[in-house]
**Student:** 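Before I ask anything, here is the structure I am working with.
Counting convention: from 1, in listed order, for ligands and their atoms alike. For clarity, every value in this text was computed on a predicted model and none was experimentally measured. All values below were derived from every heavy atom in this structure, side-chain atoms included, with hydrogens, water molecules and symmetry-related copies excluded.
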Amino acid sequence: MALSGLEIYKLLPKTNCKECGFPTCLAFGLKLAAKGAELSACPYVSEASKAALESASAPPIRLVTVGAGDGKIEIGNEVVLFRHDKTFFHQPGLAFRVKDTLPAAEVSEVVSKASAYWIERVGMCLALDAIAVENATGDPTAFVKCLEAVKAISKKPLILISRNPASMEAALAAGAGAKPLIYAADSENWEAMTALARKYQSPLAVRGNGDLQEIANLVEKLTGAGISDLVLDPGTRDMAGTLAKFTQLRRLAIKKGFRTLGYPIISFPGETAESPAQEAIAAAQDIAKYSGFVVLDSFDPAWVYTLLTLRQNIYTDPQKPIQVSPGLYKFNEPGPNSPVLITTNFSLTYFSVVGEVETSNVPTWLLVADAEGLSVLTAWAAGKFSGESIAATVKTSGILEQIERKELVIPGMVATLSGELEEELPDWKIAVGPRDAVDLQGYLKVVARAH
Ligand code: SF4
């Protein structure tokens with residue numbers, strides 16, 4: 001049961017030393033109770049208090065790991081219902097499912113396509129995270145054969161799907177890698193699946209029939225049998241029912257502190273979809289609300305791209321914008337008379353500018369100022385992209401050793417800075433570029449002709 005701020009305060013050192021970043025122990029205790037701080041921020045909590053506080057301050061949704069090593073997927077550990085309340089910590093794993101009813105050659109073909117697919121967006125590599133293998137035949141031998149075909153192609157973590165304990169045992173014994181997710185224990189097979197999860201030290205999914213009380217009863221049996229890494233499937237498949245059940249699960253865990261249902265959720269948006277587009281729409285809902293694993297049945301790069309992008313947007317911490325390193329960048333082999341542009345180190349801004357500069361084929365220098373990851377206009381309004389800071393970037397970036405023509409192009413959004421910059425950089429000509437990155441190509445071509 002969660003402790004109140006005052007109860008937490010009683011267990012803190014009460015020295016008000018401020019090392020946790022809060023002015024008093026009481027302020028820290030209140031923040032801890034609101035899940036807005038981490039206990040580890042206070043270095044002086046006694047071991048006894050730590051034990052009491054850790055269980056009370058543990059995230060309301062358990063962190064569950066599937067797979068091992070670099071490719072492992074961590075899901076759960078969420079503490080809020082809405083991202084703007086704090087942030088979401090672990091993005092849902094996206095898995096692609098194959099069934100053992102498919103011929104091995106087809107399994108290899110679709111798995112190699114799904115496994116090899118990746119995109120780069122704002123400097124980050126985005127890809128599917130796992131392969132789900134389903135024992136649709138119910139036959140252990142077919143299941144193992146399909147698993148072997150998948151393993152020959154992909155090293156991604158696995159989700160093994162079978163309600164038949166004999167099939168699951170055969171797949172686990174055949175070597176499904178470290179910590180595959182076993183899907184699923186239900187009211188009939190839970191004892192056998194529990195034994196397998198214990199033997200292979202794997203996380204276990206629990207499938208309900210749409211009734212949360214039934215799934216809570218099942219979870220209690222599993223935790224009573226010593227299984228703590230669980231993933232929940234409430235059993236709903238239609239979009240409205242799924243949204244309702246997933247939201248109830250999240251609210252129960254976070255608002256009511258109901259630990260029995262405090263586990264990540266798995267979803268199968270393709271099971272009731274009539275087309276890849278419908279599946280993608282349902283998957284988008286699941287990513288936003290509140291799936292920990294989304295298992296896709298179709299692999300269409302256009303839809304997967306959309307889902308990966310959506311996931312990245314939702315799971316980026318709004319308080320920590322994605323940034324690129326400030327400094328000097330060069331594109332299309334610039335020379336001493338090439339134009340010099342400047343922008344901020346907000347990733348989206350940087351990559352928008354870079355995309356246009358690269359495709360213009362105009363040799364260009366790009367200075368990236370440290371604006372704490374803010375976009376041009378926001379940084380200017382916050383005083384982090386000013387004449388003074390731009391001049392400092394110019395002087396320390398090393399551009400002076402590279403060029404003869406001192407002409408700096410500033411974003412059109414901050415044309416107002418040109419006067420200030422002429423004072424800060426008296427031997428530079430300050431030019432005002434386009435307001436939007438999309439107009440940079442045309443602008444650079446005109447500049448290149450003039451140079
Ligand atoms: Fe109190 Fe610990 Fe914060 Fe110091 S670091 S003010 S002792 S909670």
Side-chain angles (χ1 to χ4, degrees), residues 1-65 72-92 203 219 223 228-230 247 249-265 290 292 314-326 345-347 370-374 378-379 381-384 389:
M1 188 65 193
L3 299 179
S4 70
L6 272 180
E7 287 166 329
I8 293 173
Y9 168 66
K10 287 177 189 161
L11 294 165
L12 293 174
K14 303 188 203 70
T15 58
N16 300 334
C17 72
K18 302 186 177 60
E19 280 189 44
C20 54
F22 292 88
T24 61
C25 294
L26 178 59
F28 180 65
L30 292 171
K31 201 70 179 171
L32 211 54
K35 315 281 183 210
E38 306 292 335
L39 181 59
S40 56
C42 172
Y44 304 113
V45 190
S46 70
E47 287 306 314
S49 296
K50 205 181 271 179
L53 286 168
E54 266 171 359
S55 75
S57 64
I61 296 177
R62 186 177 173 83
L63 180 70
V64 173
T65 303
K72 75 179 176 191
I73 308 156
E74 291 184 324
I75 52 174
N77 210 12
E78 303 300 342
V79 297
V80 290
L81 270 178
F82 305 108
R83 190 185 76 150
H84 58 258
D85 287 339
K86 187 174 183 184
T87 186
F88 292 161
F89 288 99
H90 292 99
Q91 62 180 17
V219 167
T223 50
S228 47
D229 284 339
L230 297 173
T247 305
L249 283 170
R250 183 76 158 227
R251 291 190 73 85
L252 281 166
I254 287 177
K255 293 290 180 196
K256 303 289 179 192
F258 188 50
R259 300 257 168 186
T260 306
L261 293 177
Y263 297 93
I265 309 169
Y290 290 107
I314 292 174
Y315 280 79
T316 298
D317 186 343
Q319 294 164 43
K320 289 184 203 151
I322 311 173
Q323 304 182 22
V324 295
S325 301
N345 66 331
F346 177 44
S347 260
D370 184 357
E372 298 180 15
L374 299 177
T378 315
K384 298 184 190 304
S389 69

**Student:** Give the atoms of ligand 1, by number and element, whose distance to some non-hydrogen atom of K18 is under 4.0 Å.
**Tutor:** 4 (Fe), 6 (S)
**Student:** Quick check: does C20 put an N/O/S atom under 2.8 Å from atom 3 (Fe) of ligand 1?
**Tutor:** yes
**Student:** Show me which atoms of ligand 1 lie under 4.0 Å from any heavy atom of P13.
**Tutor:** 7 (S)
**Student:** Provide, to 0.1 Å, the distance between atom 2 (Fe) of ligand 1 and the closest protein heavy atom, together with that atom's residue and name.
**Tutor:** C42 SG, 2.3 Å
**Student:** Are the side chain of E78 and the backbone of F89 linked by a donor-acceptor contact shorter than 3.5 Å?
**Tutor:** yes
**Student:** Can you pull out the closest protein heavy atom to atom 4 (Fe) of ligand 1? Residue, atom name and distance to 0.1 Å, please.
**Tutor:** C17 SG, 2.3 Å
**Student:** Can you tell me if an N/O/S atom from C25 lies under 2.8 Å from atom 2 (Fe) of ligand 1?
**Tutor:** no
**Student:** Within ligand 1, which atoms have a heavy atom of N16 less than 4.0 Å away?
**Tutor:** 6 (S)
**Student:** Roughly how far, to the nearest 0.5 Å, is OG1 of T316 from CD1 of I322?
**Tutor:** 4.0 Å
**Student:** Side chain of N16, backbone of C25: donor and acceptor closer than 3.5 Å?
**Tutor:** yes
**Student:** So does L81 get a backbone contact from the side chain of Y290, meaning a donor-acceptor N/O pair under 3.5 Å?
**Tutor:** yes
**Student:** Is the side chain of T223 donor-acceptor paired with the backbone N or O of V219 at a distance under 3.5 Å, no angle test?
**Tutor:** yes
**Student:** Report the nearest protein non-hydrogen atom to atom 8 (S) of ligand 1: residue, atom name, distance rounded to 0.1 Å.
**Tutor:** F28 CD2, 3.4 Å
**Student:** Do me a favour and list the nearest non-hydrogen protein atom to atom 7 (S) of ligand 1 with residue, atom name and distance?
**Tutor:** T15 OG1, 3.3 Å
**Student:** Could you check L230 against V64 for side-chain contact (heavy atoms from CB on, under 4.5 Å), going step by step and ending with a plain yes or no?
**Tutor:** CA-CA 7 Å; L230 297 173; V64 173; 6.0 Å; no
**Student:** For the pair K50 and E47, find out whether any cationic side-chain nitrogen is under 4.0 Å from an anionic carboxylate oxygen.
**Tutor:** yes
